[in-house]
Protein chains: 2
Amino acid sequence: MGRGFVTAEEVAKRAGVSRSAVSRTFTPGGSVSKPVRRKVLKAAQELGYRVNRLAQGLNNDRSNLIGVVGSNLSSPFISRQLDLLSIGLLRRGLQCLLLNAADARKDIAPLIELLFEFRAQAIVVLSGEPPASIVDECIANGVRLILINQRLDRADTNMVLSDDSHGAHLAAMRLIQAKCNKVAVVSSGSQTPAQLRRVSAFTQHMNSESIEVVAWSGGPTSYESGYRAGCELLLDKSIDGAFCVTDLLALGFLDAARLEMGRIVPENLSIVGFDDIPQAGWKSYQLTTVVQPLDTLTEKVLKALDSDEPETRLQLVPVTMVERTTAR
Amino acid sequence: MGRGFVTAEEVAKRAGVSRSAVSRTFTPGGSVSKPVRRKVLKAAQELGYRVNRLAQGLNNDRSNLIGVVGSNLSSPFISRQLDLLSIGLLRRGLQCLLLNAADARKDIAPLIELLFEFRAQAIVVLSGEPPASIVDECIANGVRLILINQRLDRADTNMVLSDDSHGAHLAAMRLIQAKCNKVAVVSSGSQTPAQLRRVSAFTQHMNSESIEVVAWSGGPTSYESGYRAGCELLLDKSIDGAFCVTDLLALGFLDAARLEMGRIVPENLSIVGFDDIPQAGWKSYQLTTVVQPLDTLTEKVLKALDSDEPETRLQLVPVTMVERTTAR
DNA sequence: TAACATATTGACCGCGTGTGCATTTTTTTA
DNA sequence: TAAAAAAATGCACACGCGGTCAATATGTTA
């Protein structure tokens, strides 16, 4: 009862049986007689014994650890993603080893190295782009790698991502429907691949309709950046529509438009966002936006974790648009 | 190079040295000659060898795993807390084993059991109240337990919490300063200890000033609950002040007041929140609120993790008030 | 060059667990 | 009741690593 944990050996001694008996008692399907099992359980209870899953994983070669790496964990979107993911993992008896990539935003390679050292069974990347070498090492070591909203140009990696292009097209169509003549497209300065896809798909669509597009990007993906974008862009009175590639940006933009630049939304200016974070539905905002269905996205991630040989490596999650009040 | 990870044995064979040499090469302070070290590193590089930290922890008795358990991970406050915590842990070379208590909101005991099985060095509880038996087991097994914003009535547990009472007093003083005659205090139905403390300290203060207090509580700790509270409470036109024990509640309340119940804030109604989540500073809200200094709180948690014999088990983090625009 | 001090090395053990195998005990069948 | 089948049990090994210790190699001094 001293420092440290109780071992199976001690339980065996107390119960007057062999250590094997203890092990078998705690192993489903182990061959143990009723009386022995009772004695073992009693001794274990009294001593406060718990199986050491680290040692367990040592010969099983199954650590049951799933590495999750991402940055911006406190943003509404990512945090919800992490919330759902961690619940799903727990339900499946998997443990979530969380690595915050805030320090190494650019290069998440060392973090993944760390996960290798912990023998993570699989690695889920919420944000950030792993270098190709890491991907190679993952398959070499039999570690499943799952990228969320990240599109890598190789067929041997699991990717689950929202249909950004289609979402951008939806946004474009909505702004066209609102009869906008000159629109802004707002993204952050971090230029994540997902954001780039949204910007380019949107721009392309608008160009094909001969509608002028003004691109703005800067700062982190935050409310404040959106606010700044609004203050700067809306000096141009002819802009009557905006697609913000993230709700956070959109809400900042919306506040700038209404409270700083004297615009009336949606009469004067139509705004469409992307993600559908909870705040987009708050009464003060009522943002019209493209919905990333986080639950189905998470579900696909978990499924990719389960199945031994995933049928599809690239899974596109369809997006929809929720109509609220910020687009005419 | 088959399935699974490379072992030190294989590296030794390839490098033409003993396995001990490999181990020493990767152990700081190990006695290895330059040429041998070079050979080992080369072989390790070629084979893609990585130390197995699980096996490492098996004899060290240091898993380097810190268990973090909490619920409501996507709420602005908790997610930020988790964000900061996970960064701090990583910086200190500790791994964050995240357990989402969403399923077992009431009883987080089984989750902590799980962390025992993984031989977590310490356990940080973001939310939820662990039963006393768990606390006993923690100290019996030499696992440090740190409770955040949770006050247990025992001297052998590490607790880091914001000064809820003082915060509530600040809120009360502010509403008195706003010359409120009848105030509401809004909390969620989940009745966490922290919320209860805020409510009671606030009510007590107001009573001592002979100001009438109407208490409302219901639903989860969410924007929606606050909105509902506003819709129901503000039917009483004589209520001219409100203390919402959580910013999320406050923002919902504020929206209900302005957009649904036709109140003018702060002329007609003063509102004070608690937490200072990012959204409280957004231009549409500009909520006057009590600030929980999350960075210092997190810092104290990390420090409690470090020090082998913490000087103080109960650490109260001082709170301040940020003046914005919702209190007259 | 010899004697000595020091740096390096490899064999071995322990960490806590699961499991194959041979042995012993219990149960079933003839 | 005896023989055969089944179940239960303990021993020993493996998992991948760090650390101890004696043996060996290298360097240093007289």
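Letters A, B, ... mirror the listed sequences (proteins, then strands); counts begin at 1. All values below were derived from every heavy atom in this structure, side-chain atoms included, with hydrogens, water molecules and symmetry-related copies excluded.
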key: Boundaries of the DNA chain C segment in contact with chain A, non-hydrogen, under 4.0 Å   =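 First-to-last contact on DNA chain C, by the 4.0 Å heavy-atom rule, is dG16(C) to dG20(C).
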ask   = Relative to the 5' end of DNA chain C, which residue comes earlier, R19(B) or E9(A), by the nucleotide with the nearest heavy atom?
value =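 It is R19(B), whose closest nucleotide lies nearer the 5' terminus.
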key: F118(A) CZ - dG16(D) P separation (whole Å)   =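 The answer, rounded to whole Å, is 17 Å.
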task = Taking only heavy atoms on the protein side, list every residue of residues 23-40 of chain A lying under 4.0 Å from any atom of DNA chain C, sorted numerically.
result =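 S23(A), R24(A), T27(A), in order of number.
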query = With respect to S127(B), which candidate in S75(B), S71(B), S190(B) satisfies the side-chain hydrogen bond (donor to acceptor under 3.5 Å, both in side chains) definition?
reply =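 Testing S127(B) for a side-chain hydrogen bond (donor to acceptor under 3.5 Å, both in side chains) against S75(B), S71(B), S190(B) leaves exactly one candidate, S71(B).
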ask   = Where the side chain of L58(B) is defined as all heavy atoms beyond and including C-beta, which of dG10(D), dG18(D), dG16(D) is the nearest nucleotide?
value =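 Comparing dG10(D), dG18(D), dG16(D) against the side chain of L58(B), the answer is dG16(D).
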query = Are there more than 12 heavy atoms of other residues, nucleotides or ligands under 6.0 Å from atom CZ of R92(A)?
reply =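 Yes, enclosed.
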query = Would you say R62(B) has more than 12 foreign heavy atoms packed within less than 6.0 Å of its CZ?
reply =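 Not buried by this count: 12 neighbours or fewer within 6.0 Å.
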ask   = Through what angle, rounded to 10 degrees, does the axis of the helix from dT1(C)-dA30(D) to dA30(C)-dT1(D) turn between its ends, using five pairs per end?
value =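 Taking the rotation axis at each end, their angle is 30°.
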request  = Test N64(A) against every option in Q56(A), R53(A), R119(A) by the side chain to side chain contact (heavy atoms under 4.5 Å, CB included) rule and name the one that passes.
outcome  =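 Per the side chain to side chain contact (heavy atoms under 4.5 Å, CB included) rule, the option paired with N64(A) is R53(A), out of Q56(A), R53(A), R119(A).
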[Y] and [X], any side-chain heavy atoms less than 4.5 Å apart:
X	Y	value
I123(A)	I134(A)	no
F5(A)	L47(A)	no
R50(A)	E137(B)	yes
L82(A)	L98(A)	yes

ask   = Does N52(B) get its side chain close enough to the base of dC17(D), under 3.5 Å, for a donor-acceptor pair?
value =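 Between dC17(D) and N52(B), which were checked side chain against base, a qualifying N/O pair under 3.5 Å is absent.
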request  = Could you tell me whether the side chains of N149(A) and Q292(A) share a donor-acceptor contact shorter than 3.5 Å?
outcome  =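 Side chains of N149(A) and Q292(A): pair found under 3.5 Å.
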inquiry  = For E9(B) and K13(B): C-alpha separation, side-chain torsions, deciding distance, then whether salt bridge (Lys or Arg N to Asp or Glu O under 4.0 Å) applies.
reply    = CA-CA 6 Å; E9(B) 184 76 48; K13(B) 195 184 297 178; over 6 Å; no
